[in-house]
Number of protein chains: 2
Amino acid sequence: MEKQSVTIYTVAREARVSMATVSRVVNGNPNVKPETRQKVLDVIKQLNYRPNAVARGLASKRTTTVGVVIPSITDPYFAELALGIDDVASMYKYNIILTNSDSDDEKILKVVRNLLAKQVDGIIFMGHDVSDDLRNEFESTNTPVVVAGSIANDDNLPSVRIDYRAAAKEATEFLLTHGNQQVGYITGPLRYSINGTERLNGYKDALADHNVKFEQSLVVETDGSYQAGYAKTKDIIANGLKAVYVTDDSLAAGLLNGLTDAGVNVPADFEIVSSNDTNYTKLVRPMLTSITQPLYDIGAISMRLLTKLMDGDDNNDDEKNVILDHGFVERQSTRK
Amino acid sequence: MEKQSVTIYTVAREARVSMATVSRVVNGNPNVKPETRQKVLDVIKQLNYRPNAVARGLASKRTTTVGVVIPSITDPYFAELALGIDDVASMYKYNIILTNSDSDDEKILKVVRNLLAKQVDGIIFMGHDVSDDLRNEFESTNTPVVVAGSIANDDNLPSVRIDYRAAAKEATEFLLTHGNQQVGYITGPLRYSINGTERLNGYKDALADHNVKFEQSLVVETDGSYQAGYAKTKDIIANGLKAVYVTDDSLAAGLLNGLTDAGVNVPADFEIVSSNDTNYTKLVRPMLTSITQPLYDIGAISMRLLTKLMDGDDNNDDEKNVILDHGFVERQSTRK
DNA sequence: CTGAAAGCGCTAACAT
DNA sequence: ATGTTAGCGCTTTCAG
């Protein structure tokens, strides 16, 4: 039983109207007499007609699909953003082409070009870095792009995020006012400005406010993964650190478990503050004290912003960089 | 600076060849004289020509995109499958339209219809249940579908998975031979045959082998979430249970943390075996003893199978249901 | 090895 | 309110 290809033409013929009329009822154009509309609707149902989105895309130059670039689909931070993105997208009838970038510049470029070739109406970019080639790509296309949950080194791109610097400052401050003489900065790649500039500056701001000298040796750079956190444990212990601010939850979870497995009691002998408030913070024991971010909202608002840009509302320059409120929650990885 | 629309026609004109020839070189058709090919390639590069995938899709009836239906992108089990899917897909030059289904029959139907309207070349379905309407949809399309990481109640659909019944039996057996007189079965929705039939039967198989009477009261049904596991803790304690087999890692993690927070010592006073070997099992403390599954491979092989089906290799009926090997790993939620 | 031409299924002026 | 008619940008016979 082969699938019969029923096209708009079949419907038109069967309903004794023109293709244009069928197109009108399918697209909800009001300029159709009710009776005609009903007749067409009946035929559509009877024939089980389904508009071909590809043909529609070619003719209308709108595909109602947006591309989403995600560093890693298994990373809880980005996955939670993706949830918000997906919900709002489906609310606005957009589909999502989701592509893993593995944070690899080559691959990112490849997937973005692919997305553009597929004529996506817009792109949500999750990632911390925009290479020169990628910037070029973004600049030479009319397809709107919004950066979600990070700061990319491209000032032209709209973004939705929190104030990472302020948040990092507060987190560090919390640790400083907890009787810690020194606080470590455990981070993902510093070449990402979110880590190497924003958060690091927030960390330094706090130190300065408390008259603590910044020590480069207390900055521990990793690739940001759980494994890296776990593996760095002994270095960090050897460092003499008793309190750290960590830029990523996976990283923090790895460190926490590493410490626990090494017999270090958190929070009694070591305090940790993390950054993203993903569910990892609640999964581990002790639960991680963390900066809180409206993750779902960041995704949702990014997508909402994108819909506006796709509709051509790129007038309002105020809205270009949306900074959402963050918070802080004390859990079990810090002392009362 | 508007994006110039350089089409295949522009290239043809500039290179002084026909559109057909340009199409041939773009598609790697060997029937082109080397010099001609080079000339065209030069023009393509110079003009920065990018083929429009939508037009290509309409003309060729192949979109090189596949639809992936995922119950929840933030569920570690499905996310890890998705990783394998994505890797193999990009290996075969396919893009992925990823859609959250929220395990909601209505929404699943909607997203599948959408995928079909977008003319995806194939669909990877992750989910435990195929409604009648959905079955209908699948049966009346020529678009191949493969079920990844579950058993859907539709015998016509190819699937890639492990032997859930055997795995559940082994897990239960392990607990039984550990001196536990009774073992609980903590599960996600029983209406899913993976839980209500396969795994439950494996559990019963083990009980029967050990002459333990099956007690309905030891079967605790939940929605399968972390929250549900946490919330059910006191009921499970009240039940008198000291050992349980759990059908999902999120659920198991919730229960584990619930027990710990309630002052129950795992594994000394309570043993847990989980099912999926996601990274949740290694994140929690104590780490969860679990059935192991080749999650990445399940995704990867599903996608590989799908590529074969999309190429029309639907001859080999042996390959229709791929059962991968599973294993078992003792960690810290069970006694030595 | 190359070109001409007919679509793919739909939308969007433009008429009527 | 409805129909006619060009395309959208590309692939794919079919000729030559």
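Order of the sequence lines fixes the chain letters, A, B, ..., with proteins taken first and strands second; residue numbering starts at 1 for each chain.
Closest to the side chain of A/Arg56, out of D/dC10, C/dG9, C/dC10, is C/dC10. Listed nucleotides: D/dC10, C/dA4, D/dG9. Nearest to the side chain of B/Leu58: D/dG9.
Distances shorter than 4.0 Å separate some side-chain N or O of B/Asn27 from OP1 or OP2 on D/dT11. Contact check, B/Ser18 against C/dG3: a side-chain N or O comes under 4.0 Å of OP1 or OP2. Distances shorter than 4.0 Å separate some side-chain N or O of B/Ser5 from OP1 or OP2 on D/dG9. Within the structure, every side-chain polar atom (N or O) of B/Thr7 is placed at least 4.0 Å from both OP1 and OP2 of D/dC8. Taking side-chain N and O atoms only, B/Ser60 has no distance below 4.0 Å to OP1 or OP2 of D/dT12. When the side-chain nitrogen and oxygen atoms of B/Lys61 are compared with OP1 and OP2 of C/dG9, one or more of them lie within a distance under 4.0 Å.
Here the side chain of B/Ser150 pairs no donor or acceptor atom with the backbone of B/Ala152 at under 3.5 angstrom.
Contact record, B/Pro158 with B/Leu305: CB-CD1, 4.1 Å, taken as the closest heavy-atom pair.
Mapping B/Thr21 and A/Ile8 onto DNA chain C by nearest heavy atom places B/Thr21 at the nucleotide closer to the 5' end. Comparing B/Ala55 and B/Val32 along DNA chain C, the residue whose closest nucleotide (by nearest heavy atom) sits nearer the 5' end is B/Val32.
Judged by distance alone with a 3.5 Å cut-off, no donor-acceptor contact links the side chain of B/Arg50 to the base of D/dG9.
Classified by interplanar angle (parallel below 30°, tilted 30° to 60°, perpendicular above 60°), the ring pair A/His128/A/Tyr192 is tilted.
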